[in-house]
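Throughout, numbering of the chain's residues begins at 1 and tracks the sequence.
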Amino acid sequence: MNQRKKIGDFFVGVIVTLFLAVLAIPMKANENCRQDTLKYDYESLYAVHWDVTAYPVANVFTLPQNDLDRIVEALLDTPKEALFQGNWILCYYLGISLEEISQIKSNLSSIDLPHGYEWKFGLFENDKQGLALLAAVVESDSKFVAHIGHACIDKDPSGRPVISFSLYQGESDDLSMEFRKFRVNHNCILLTINDWAFAPTQMKQLDAPSNDYITISYVPDVVIQDLYSTSVRYMLENVMPNEAVRPAPIK
């Protein structure tokens, strides 16, 4: 019990307060980091094929002690300094290279987890910290799942592109209320879109009942390229996604 308390105190001591930006990155650096660029169109709606999943991030006080010791040791045994977010198994490596990303991801993936838990990895980027890797352990048996058929590209206050989509996809059941309940029940969640993971500090959803949009900031260009470059842009002007629901084209 004392060992668990020490680990908990350690996580609290290094809680991340930066504007860090998280869902399961394939880490195919050479394949994904291509040089072609997508011309962002902020006035259009894109048809996409996204599987969006939210997971609770594992807490240091709920994992078995032996498993916790192995996980923490592996997270700290890297060439980069590890920054943890509170008591959660959510670790950030700032100012990282693609080579370091591949090595850390490979090393951590080899660490077996107890039943009901999974490794998730992601990238984020901002002007101060540059490219960064996040590594997290999530509870895989408890999750929220949504299939997204249309999304936008918006701008943050600094003019950088952000991912934006609505949980209302023209279906009879509005998923936004279900997602809000999921967030209330879990203090720290990680969101994945297809093979990309995003940290809680990247996500924003207004609490107003009339707003069901989720925006994700600090997204590296390579991630936006992968998520939008194969999509189809709707030629719509001054139309919001939930007012112009159309089926996404079949791949």
Side-chain angles (χ1 to χ4, degrees), residues 10-40 42 55 57 71-72 74-86 88-109 111 119-138 151-165 188-204 214-229:
F10 170 76
F11 274 70
V12 173
V14 292
I15 183 171
V16 178
T17 58
L18 302 172
F19 289 106
L20 296 176
V22 190
L23 100 21
I25 178 172
M27 295 302 169
K28 299 177 182 178
N30 293 332
E31 177 180 332
N32 283 332
C33 294
R34 52 187 183 272
Q35 296 300 316
D36 57 310
T37 58
L38 174 70
K39 181 180 179 181
Y40 304 131
Y42 300 104
Y55 300 90
V57 179
I71 293 169
V72 172
L75 288 169
L76 294 175
D77 186 21
T78 67
K80 305 296 291 186
E81 180 181 2
L83 299 176
F84 292 89
Q85 181 162 331
W88 312 103
I89 310 296
L90 180 57
C91 183
Y92 303 89
Y93 303 96
L94 305 181
I96 198 167
S97 68
L98 293 177
E99 292 75 15
E100 291 171 324
I101 287 173
S102 297
Q103 185 61 53
I104 293 175
K105 192 265 182 179
S106 177
N107 292 343
L108 293 178
S109 296
I111 305 299
W119 285 105
K120 297 295 178 184
F121 303 93
L123 289 178
F124 63 86
E125 184 175 33
N126 64 23
D127 294 335
K128 292 183 178 180
Q129 285 83 35
L131 185 65
L133 168 71
L134 68 91
V137 175
V138 300
C152 295
I153 301 179
D154 291 329
K155 294 180 181 180
D156 65 14
S158 66
R160 297 185 59 171
V162 300
I163 293 173
S164 177
F165 63 92
C188 184
I189 66 170
L190 177 147
L191 193 72
T192 66
I193 302 178
N194 294 353
D195 291 329
W196 299 95
F198 304 91
T201 48
Q202 288 178 271
M203 295 179 287
K204 179 180 180 181
I214 294 175
T215 60
I216 304 176
S217 304
Y218 305 110
V219 184
D221 183 71
V222 62
V223 178
I224 296 181
Q225 293 287 330
D226 187 69
L227 291 176
Y228 287 92
S229 61

Name every donor-acceptor pair, under 3.5 Å, that has one atom in a side chain of residues 76-84 and the other anywhere in the protein, sequence neighbours excluded.
unit_1, atom_1, unit_2, atom_2, d
Thr78, OG1, Lys80, N, 3.4
Thr78, OG1, Lys80, O, 2.7
Lys80, NZ, Gly95, O, 2.9

CG on Leu227 to CD1 on Ile193, rounded to 0.5 Å:
6.0 Å
Testing the basics here: between Cys188 and Gln85, what is the closest heavy-atom pair and its distance to 0.1 Å?
SG-NE2, 4.2 Å
Determine the sole option in Asp154, Ile153, Ile216 for which the side-chain contact (heavy atoms from CB on, under 4.5 Å) test with Ser164 is passed.
Asp154
Nearest 0.5 Å, what's the CG-CD1 distance between Leu191 and Ile214?
6.0 Å
Can you spot which of Leu98, Asn126, Val222 makes a side-chain contact (heavy atoms from CB on, under 4.5 Å) with Leu131?
Leu98
Please lay out, stage by stage, how Leu75 and Tyr93 fare under the test side-chain contact (heavy atoms from CB on, under 4.5 Å).
CA-CA 10 Å; Leu75 288 169; Tyr93 303 96; 3.7 Å; yes
Of all heavy-atom pairs between Lys120 and Val138, which one has the smallest distance, and what is that distance?
CG-CG2, 3.7 Å
Nearest heavy-atom contact between Trp119 and Ile111 is NE1-O, 3.0 Å
Would Tyr228 and Ile163 satisfy side-chain contact (heavy atoms from CB on, under 4.5 Å), going step by step from the backbone distance to the final call?
CA-CA 10 Å; Tyr228 287 92; Ile163 293 173; 3.7 Å; yes
Minimum heavy-atom distance Pro200-Tyr92, with the two atoms named
CD-OH, 4.4 Å
What's the spacing between Ile96 CD1 and Ile101 CD1 if we round to 0.5 Å?
5.0 Å
Distance col, row Leu123:CG vs Lys105:NZ, nearest 0.5 angstrom, shows 11.5 Å
What distance do Trp88 atom CH2 and Leu190 atom CG have between them, rounded to the nearest 0.5 Å?
12.5 Å
Roughly how far, to the nearest 0.5 Å, is CD of Gln103 from CG of Leu108?
10.0 Å
Taking all heavy atoms of Val219 and all of Ile224, pick out the closest pair and write down the distance.
CG1-CG1, 3.7 Å
